[in-house]
Amino acid sequence: MYTNTKTRGSSRAPNYSSRSNRPSGGNHGGASFGNRSTRPSSGGSRSGSGRPSFGGNRGGGGRNKRKSSYERIDVSRFISKSTVVEKEEIYLPTHTFGDFKIDTKLKLAIANKNYIYPSPIQDKSIPHALEGRDILGIADTGTGKTAAFLIPILNKILKDKNETAIIIAPTRELATQIEVEFNDFARGMRIFSVVCVGGMPITAQIRNLRRECNVVIGTPGRLLDLVKRGEINLSSTRSVVLDEADRMLDMGFINDITFLLEKTPDDRQGFFFSATLPKPIEKLIERFASDPVKVMVKTRETSKNVEQDVIRLARGEDKIDALCDLLSKENEFKKVLIFSEMKHSVEKLSNELVKRGFKSGSIHGDKRQNDRQRTLTKFRNNELNILVATDVAARGLDIPEVTHVINYEIPQTYDTYIHRIGRTGRASKKGVALTFVG
Ligand code: AMP
């Protein structure tokens, strides 16, 4: 039904080896962010200081979403043959994890995760981060950027249990994903994190913040709320991470993250990660980073591993019928991520697929966080093989082995397209991206 044309794309997917394991873990408990810490324990709690007092509660998640206007998109950009995966350039790291001057416990945790070689972003940034330098990482998801900031932060905490860090991420899912990785690394170290995201009960988050915790991971709106309530005191935070800063800008969070950064001390260490460097983010980093080490690992326009094609409907052909025809090729369409623009169309499409006998689930901003998480877990575990999502809900997700990305509707910008198709063709696997056009 669709036709392929010539090869395009310029660079590699991450080629560091992974024998991936992603168990989840528990958390909670000592150094504390809360000003009213009721149970300071081994790590020592931090006392609060003067807090900002501008009023009004604000939720987390996708608040103030700015709808970007449609670009004029040339659909020929959605067509490209993948090239042979084996021909990929191999990045030769200049360090092994053993070379890094980090605590032995951390080295062990890295080995337990089966990370053998540092990924390029880790290789290039960790040595500087360990010296306390600010880092500006121009890196996409899938590059290993999470470990690039978690390893130096955990090493600092292992040296001094009073160290605290705040990690700011655009979406609940990304925050949760960071927590999972954090728990993998921190297992058995008695270093605790709290996730503070919108859409989840704030009272439980407050309770956890008042316990021992060194690291807060959250979305801007909820973090802002908690700072304003006096539950998070950033005045003695030693590290701050902005993950996917450009996404946070897109989602209308620039004022919130500026506010949060203003509350952190001048001499704290900053880790700024962004796939692109739009002007407002560049300015933000100029203001809040001091002489950062700039590490760029994103050189590709799209992954070479992703075969891209468009689907044109025949006259009178029903779109959902065409989609179902494709999905029926079970041997090919093993794990499929379908993007649709609006929350209600995502829900409707997934329901229709279920009615037609497919194992489909959906994630979008109107779903409760628990539902979203449950659906994601089922998709990860292959209980569902189709996930229908909005861009915001799927942002930054690291779901292994997605065989196909289908754009049920054309994305509004080419940048969004690149982000969507980056969900497949990961870890040197071949992926396919199909876009319904016309
Ligand atoms: P991230 O870009 O941080 O979301 O990481 C993408 C995926 O790569 C995650 O599943 C990580 O667990 C994995 N990963 C990160 N660093 C390494 C490494 N050095 N070796 C193997 N896998 C890694």
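Quick caveat: nothing in here was measured; it's all calculated off a predicted structure. We use all heavy atoms of the structure for the numbers below, so side chains are in, but hydrogens, waters and symmetry mates are not. Note that ligands are numbered from 1 as they come in the structure, with each ligand's atoms numbered from 1 the same way.
- Annotation for ligand 1: atoms under 4.0 Å from non-hydrogen atoms of Tyr117 are 18 (C), 19 (N), 20 (N).
- Ring orientation note: the planes of Tyr115 and Phe185 are nearly perpendicular, at an angle over 60° on the 30°/60° scale.
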Checklist entry - Does the pair Lys161 and Asn214 meet the rule for a side chain to side chain donor-acceptor pair (under 3.5 Å), with working shown? => result CA-CA 8 Å; Lys161 279 278 164 81; Asn214 294 84; over 6 Å; no
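- Proximity to Thr143 (heavy-atom distance under 4.0 Å) selects the following atoms of ligand 1: 2 (O).
- Near Ser119, meaning under 4.0 Å from any of its heavy atoms, are these atoms of ligand 1: 19 (N).
- Where the criterion is an N or O separation shorter than 3.5 Å, residue side chain and backbone included, Ala147 fails it with respect to ligand 1.
- Considering only heavy atoms from C-beta on, Arg222 stays 4.5 Å or farther from Arg172 through its side chain.
- Between Phe273 and Phe271, the ring planes are parallel. Angles under 30° get that label, and only those over 60° would be called perpendicular.
- Between Lys113 and ligand 1, not a single N/O pair is under 3.5 Å apart.
- Remark: the Gln177 side chain and the Glu181 side chain contain no N/O donor-acceptor pair separated by less than 3.5 Å.
- When each atom of ligand 1 is checked for a heavy atom of Phe97 under 4.0 Å away, the hits are 19 (N).
- Atom numbering of ligand 1 starts at 1 in the shown order; those under 4.0 Å from a heavy atom of Thr146 are 1 (P), 3 (O), 4 (O).
- Asp99 is linked by a salt bridge (Lys or Arg N to Asp or Glu O under 4.0 Å) to nothing, counting only residues two or more places apart in sequence or in another chain.
- For atom 11 (C) of ligand 1, the candidate residues are Phe273, Tyr115, Phe149; the nearest heavy-atom contact is made by Tyr115.
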